[in-house]
Every structure is written in C-alpha cells, then in structure tokens.
2 protein chains.
Amino acid sequence: MISPVRWAGDHLVLLDQTLLPREEVERVYLRWEDVAEAIRSLVVRGAPAIGVAAAFGVALAARRSAATTFDGLVADLETAIKGLAATRPTAVNLFWALERMRRTALGHRDLPLEALRARLLAEAQATLDEDVAANHAMGEYGVALVPAGARILTHCNAGALATAGYGTALGVVRAAHARGRLAHVWVDETRPVMQGSRLTAWELAREGIPHRLIADVVAASLMARREVDLIVTGADRIAANGDTANKIGTYSLAVLARHHAVPFYVAAPFSTIDPSLPSGAGIPIEERSADEVRRVGGVQTAPAASPVFNPAFDVTPAALITAIITERGVFRAPYAF
Amino acid sequence: MISPVRWAGDHLVLLDQTLLPREEVERVYLRWEDVAEAIRSLVVRGAPAIGVAAAFGVALAARRSAATTFDGLVADLETAIKGLAATRPTAVNLFWALERMRRTALGHRDLPLEALRARLLAEAQATLDEDVAANHAMGEYGVALVPAGARILTHCNAGALATAGYGTALGVVRAAHARGRLAHVWVDETRPVMQGSRLTAWELAREGIPHRLIADVVAASLMARREVDLIVTGADRIAANGDTANKIGTYSLAVLARHHAVPFYVAAPFSTIDPSLPSGAGIPIEERSADEVRRVGGVQTAPAASPVFNPAFDVTPAALITAIITERGVFRAPYAF
C-alpha cells in the first residue's frame with residue numbers, strides 16, 4: 001500500500017514526491033517548520049494529504065513545545081498553525097485540518113499537558129484514518145457511475161499519493177479496476193509539475209492498473225474519437241455552490257467534456273468543501289514560480305528572461321460538473337452538501 | 001532576421017532547432033539523406049520550412065548525382081524524393097515542394113544536365129523566396145483582423161523558424177506589433193516537444209515582442225478571464241473543406257475558443273491546402289516516440305514502462321475556425337480556396 005504520510009512512533013514520515021518516479025525516498029520530520037517546508041516544496045502534495053501532514057505538524061509542535069502551561073502550549077500551537085497555514089493558499093483541507101487541531105486543543109484545557117499532547121497526536125492520526133476510509137467510500141459510490149469497459153481520463157494525481165491512501169479520483173479508478181469495469185486510464189501528464197506522469201502513472205504502474213500517458217492537450221482528440229467514457233478528477237476546494245478549484249487544466253477538461261458530451265466527475269472528501277464561500281470566485285489561486293514552466297527537471301526549455309504566468313489551479317463552474325462524489329454519496333446540481 | 005533554412009553558395013544551412021533556446025548552431029548539409037534525417041529529427045520543422053528544406057534536398061541530390069543522362073538524373077531525383085517524402089506524413093507542404101521539384105525536372109528534359117541542376121537549385125530558392133513573401137502578405141491580411149491592444153494566443157511555433165522567415169501565425173503577430181496593435185502574445189509551451197517555449201518565446205524575446213509563456217492547460221482559464229482577444233495558429237495540412245491539421249493541442253484550443261466566443265484563426269500559405277482531401281478525416285496523423293512524453297531534455301518524468309499515446313497533430317473541423325488567413329486573402333466558411 002502506498003502511504004505518502006505516516007506516523008512512526010515518534011516522528012512523521014513523508015514519501016518525497018519530488019523524487020518520483022526515479023527514486024522512492026522517505027524523509028523523517030520532527031519539527032513543524034520542516035513539515036511546512038515539505039508542503040511548500042511539494043514533498044507532500046494533494047489537498048487531503050496536505051491536510052493530514054499539517055495535522056501531524058501541529059502534533060509535532062505540541063510534542064516539541066517546552067511550555068508548562070496550557071496557555072503556553074496553545075501559543076506555541078498557534079505559531080505552528082499560522083506557519084503551516086501560510087504554505088499553500090488554495091487547498092482548503094489544510095485550513096480544515098489546522099482548525100480541527102486547534103479545536104481539539106482548545107476543547108481539552110482540562111487535560112494534563114502530556115495527555116493533551118497525546119490527544120493531539122491521536123487527532124492527527126484520526127484525520128489520516130478517516131481520510132483512507134472516506135476514499136474507500138468514494139470508490140464505492142463512484143464505481144456505480146462507471147460503465148463496463150470504461151476508459152477513464154484523469155488529471156494531476158488524486159491518488160494514494162494525494163491523500164492518506166487509496167485516493168479520491170484514483171479511488172474510483174481502483175474500485176472500478178477491482179470490479180473488472182476498467183479498460184484503462186488515460187493519464188494527463190499535467191504540466192508544469194507533471195503529477196500525472198510522475199505520480200499517477202507511477203501509482204498505476206506499481207499496481208498493474210492499465211494506463212496510457214498523454215500530453216495534456218491530447219485529451220480533446222481522444223474525446224473527439226470517443227475514446228474517453230468519463231473523466232474523474234480530485235479537488236482542492238469546493239465552494240458551497242459546487243464550483244471546484246483543482247489543478248490547472250481541470251477547467252479546460254470540463255469545457256472539453258461538455259463539448260463532447262463526456263461525463264465529468266469530481267471526487268473529494270467533505271473536508272474539501274468550503275461552505276464559507278458561496279461560489280468559486282472567492283477561491284484564492286496560488287501562482288507558483290516561473291521556473292516550473294521555464295525549466296523541466298533542471299533543463300532549460302524556454303528563454304530565461306521570458307515572462308511566465310503560472311497559476312497552479314483553476315476553477316470549474318458547477319454547471320460543467322456532472323456530479324461530485326464524496327464519502328457521503330454522490331451529489332448533483334443544485335448542490336446542497 | 002531569423003533564417004532557419006538558407007542556401008550558402010554550394011551547401012544548405014539549417015539552424016538546429018533541437019538545441020534552441022540554449023544554443024544557436026547552424027549545420028551544413030551536402031546530401032539529401034542528411035536533410036531527410038534533419039527533417040525526421042526536428043532539426044528543421046514547421047510545415048513551410050520542411051517544404052523548403054526538402055526542395056533544397058532535391059537540389060542537393062541533383063548536384064551530387066553522377067548521372068550523365070536525363071533519365072539517370074531523374075532516377076536519382078526520384079530516389080531522393082521518395083526518401084524525403086518518407087520523413088514525416090502530416091505536413092502537406094513537404095509533398096507539395098517535392099512535387100514542384102519533380103515537375104521542374106520533368107519539364108526541362110531539353111536542358112543540358114548542368115543547366116538543369118542550376119534550374120532545380122533556382123526552383124528551391126524560389127520556394128524559399130515565395131514563402132517569405134507569402135508570410136508578409138499573410139501578415140498584412142491578418143493584421144486587419146487584430147483589434148487594438150490585442151492579446152493574441154498562439155500554439156506551437158508558426159514563426160520565422162517554421163517557415164523560410166517571418167512566419168505565418170507569428171507573421172500576423174509581427175505585423176500587429178509593427179502597427180502598435182499588440183499588447184502581448186500568450187505563448188502555449190506546446191508539449192511534448194516544447195516548440196512554444198523553446199522556439200516561439202525565443203523568437204519573440206529576440207525581437208523584443210512582449211509575450212508571456214504558459215503551460216498549455218492555462219489557455220482555458222485565460223479565456224474565461226477574458227484575457228485572450230484572438231487565437232492564431234499555423235497549419236500542417238488544410239483539407240478542401242477547411243478542416244485543418246496542426247500541432248496537437250490546436251483542436252483543444254479551437255473548442256475552448258468556441259466555448260468562450262474567442263475568434264480562432266489559422267494562418268497558412270496556399271501550399272498547405274491539400275485539395276485532394278475532401279475533409280480532415282483523410283489527413284494522416286504522425287505518432288512520435290513515447291520518450292518525447294516520458295522524458296524531457298533527457299530527464300525521466302514518467303515510469304519508463306508506462307505506455308504512451310503521442311500523436312503529433314490533431315484535426316480542427318472547419319466549423320470551429322473563424323477564418324483562414326492566406327497570402328491570397330482571408331477565407332471563411334464555406335471554404336472555396
């Protein structure tokens with residue numbers, strides 16, 4: 001089983017996703033500051049996995065805090081929460097997990113500090129366990145939407161690597177494969193960071209799930225040739241009306257799917273839903289470094305002085321989404337989560 | 001001036017486009033077999049440039065032929081024409097240029113062989129000179145379609161590097177820039193071979209034409225934000241009904257443009273029109289090596305065993321094209337070239 005985030009007795013272990021598919025290296029984390037840097041630098045990525053890693057980051061902050069009073073410990077936790085929250089702006093699971101850890105701390109003023117530290121670690125572990133369970137539930141709900149012999153297209157990596165395990169979009173793919181309903185997966189390579197070719201293809205190859213890798217721009221041709229039966233992606237934040245932020249390129253796929261009458265599904269846990277936002281217009285979109293586009297694997301592929309626009313996410317309007325698959329069932333417009 | 005193909009006294013010179021933007025290296029060609037390999041390996045690419053290079057390849061075959069009779073020379077030319085035609089299947093300008101050289105040879109049975117060799121070289125030079133002139137004419141016709149302050153999106157490289165000079169789609173861009181109508185160019189990086197980031201950005205940077213580089217999947221978001229005023233691409237083959245084969249990803253852009261009501265133009269010389277094909281369904285689509293997708297600049301970005309589907313081109317139906325800009329004017333549906 002692929003576990004991108006796991007607790008090992010007294011430290012956090014992250015699988016370094018920046019090195020995949022060439023190397024499988026696990027890294028040890030003892031300080032929340034290093035977890036924050038791991039999130040920022042994409043050692044761990046994927047909205048649910050970021051949330052789980054951040055929860056453990058808070059648990060690590062509690063363990064390392066020298067505070068001897070509740071208020072002192074909470075002050076240290078708030079510093080960690082603030083630092084972890086500043087890593088990446090778009091995925092709401094990060095803020096959801098941090099808020100959950102904050103509530104856990106504030107709700108246990110009565111506990112001895114050592115017991116509170118243990119309680120926080122247990123809460124982080126619960127976010128992990130619940131995420132895996134949610135993904136299996138999504139797989140079960142999602143597989144009912146998959147026709148026999150399906151050719152499923154996916155974008156980015158919403159797999160075991162993006163979650164605590166099993167995956168959201170790839171959870172649906174895994175369930176379809178287990179039931180014999182999957183012909184193969186079309187894997188968008190997902191420029192610029194290549195999560196499709198580096199991570200999704202790696203996950204699928206490792207488990208012997210049939211797949212074919214494509215440059216992102218090939219998807220339209222495949223749809224025109226009727227070689228895509230459905231599309232399923234993950235999500236980084238879902239507004240109350242169903243508008244969905246996900247990896248840049250998702251909106252493009254949704255428009256193409258509508259043009260070709262291909263069903264377009266989003267699979268995400270409830271922690272991805274942000275009820276505070278009425279629509280996707282309020283979702284902050286992270287812009288990342290120009291060199292993600294100008295260089296690939298250290299190789300310069302563009303003039304060093306050429307300006308770049310590099311948004312990491314886009315927003316797909318609810319109207320282009322056939323349904324949203326969650327651990328509580330399949331939702332369709334008008335969305336009332 | 002950028003000249004990807006030029007004749008230099010007794011040999012052909014090609015700018016090695018596989019090394020851009022890091023190195024500017026010109027290579028010398030004396031044999032048609034080496035020109036064929038240069039076309040196959042993308043040292044020279046772009047439909048019009050391939051046609052011009054192939055014409056010079058035939059001229060080189062004539063120069064090196066030891067034949068002492070007209071029929072012997074024609075036999076040698078036919079060998080070269082066959083070899084050059086086998087390099088890449090989609091761009092029709094290649095076959096058009098080879099046929100033009102064949103007709104030139106067959107039409108001059110009366111000439112002494114040395115004069116015929118000179119005549120073939122002059123014909124190759126004429127394809128080059130006519131291409132540059134056609135591109136300037138396209139620029140003039142195209143600029144009339146460009147509003148003031150235009151943000152023009154383009155895909156792949158249909159620039160000076162793809163032609164004998166000035167460019168087709170980038171000819172329109174250059175003309176718009178010269179008239180002060182251009183705000184900036186959005187440059188699709190154009191996976192997998194990166195002609196946008198490696199070549200188009202290089203051309204534009206070199207001439208100080210404002211541009212911003214994007215991953216291909218960003219185009220849809222820009223259109224949704226009303227940041228694209230028009231799209232213009234080149235073409236590799238245009239069927240009699242206006243269906244257009246061009247770099248993979250062009251069809252995707254055309255669908256997105258329709259969804260967002262953005263004008264979508266194709267700019268190409270008449271030599272790109274294939275009147276023998278009633279529709280785009282008959283256009284052969286080249287599939288290239290899996291490693292173009294699995295590796296970038298020598299760096300492995302996907303599992304080596306993951307299967308890949310790597311079509312180099314797609315076909316955009318005429319119905320999605322606002323107009324086709326040629327050196328003989330601007331054509332609109334129903335197309336009657």
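Chain letters run A, B, ... following the sequence lines, proteins first and then strands; every chain starts at 1.
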Give me the atom names and distance for the closest heavy-atom approach of [X] to [Y].
X      : Y      : answer
A:Y335 : A:A323 : OH-CA, 3.8 Å
B:G167 : B:T163 : N-OG1, 3.4 Å
B:V172 : B:A267 : CG2-CB, 4.3 Å

Give, as side chain, backbone, both or neither, the part of [X] having an atom under 4.5 angstrom from any heavy atom of chain A.
X      : result
B:R22  : side chain
B:H260 : side chain
B:E189 : side chain

Quick one: do A:E24 and A:R206 satisfy salt bridge (charged side-chain N to carboxylate O under 4.0 Å, His left out)? Show the steps, please.
-> CA-CA 12 Å; A:E24 289 178 40; A:R206 193 177 164 115; 3.0 Å; yes
Separation of [Y] [atom2] from [X] [atom1] (nearest 0.5 Å):
X      : Y      : atom1 : atom2 : answer
B:E23  : B:L15  : CD    : CG    : 11.0 Å
A:S252 : B:L253 : OG    : CG    : 8.0 Å
B:H177 : B:I152 : NE2   : CD1   : 11.0 Å

So do the side chains of [X] and [Y] get within less than 4.5 Å of each other, counting heavy atoms only?
X      : Y      : result
A:L320 : A:Y251 : yes
A:L277 : A:D274 : yes
A:D188 : A:C156 : no
A:T190 : A:N157 : no
A:T154 : A:V173 : no
A:V185 : A:L204 : yes
A:W186 : A:H211 : no
A:V266 : A:F264 : yes

Examine distances only and state if a side-chain atom of A:R88 and a backbone atom of A:L42 form a donor-acceptor pair shorter than 3.5 Å.
->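 Here the side-chain-to-backbone pair does not exist.
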Any donor and acceptor pair, going by atom type alone, linking the side chain of B:R45 with main-chain N or O of B:Q17 inside 3.5 Å?
->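 Not at all, since once roles are kept as given, no pair shorter than 3.5 Å links the two residues.
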Go through B:R198 and B:V193 one step at a time and tell me if the side chain to side chain contact (heavy atoms under 4.5 Å, CB included) criterion holds.
-> CA-CA 9 Å; B:R198 293 193 305 106; B:V193 182; 3.6 Å; yes
Hey, which of A:M194, A:H184, A:R191, A:R258 has the most heavy atom pairs under 4.5 Å with chain B?
-> A:R191
Between A:L199, A:V187, A:I248, which has the largest tally of heavy atom pairs under 4.5 Å with chain B?
->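 Option with the top pair count is A:I248.
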How would you list, in number order, the residues of residues 223-239 of chain B that have a heavy atom less than 4.5 Å from chain A?
->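 Residues of residues 223-239 of chain B touching chain A at under 4.5 Å: B:A224, B:R225.
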Any residue of residues 302-314 of chain B which, by heavy atoms, sits under 4.5 Å from chain A =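 Result: B:A302, B:P303, B:S306, B:P307, B:V308, B:F309, B:P311, B:D314.
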Under 4.5 Å, heavy atom to heavy atom, which residues of residues 278-296 of chain A contact chain B?
-> A:V293, A:R294, A:V296
Using heavy atoms and a sub-4.5 Å threshold, report which of residues 240-247 of chain A line up against chain B, by residue number.
->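 Heavy-atom contacts from residues 240-247 of chain A to chain B are absent.
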Taking every non-hydrogen pair under 4.5 Å, which of [options] racks up the most with chain A?
options                : value
B:H155, B:Q300, B:R212 : B:Q300
B:P317, B:A219, B:G249 : B:G249
B:I214, B:V218, B:D216 : B:V218

Examine whether an atom of A:L20 lies under 4.5 Å from a heavy atom of chain B, and if so say whether it belongs to the side chain, the backbone or both; otherwise answer neither.
->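 Interface part for A:L20: neither.
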Do the charged groups of B:E207 and B:R174 touch, with an N to O distance under 4.0 Å?
->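 Looking at B:E207 and B:R174, the cut-off is met.
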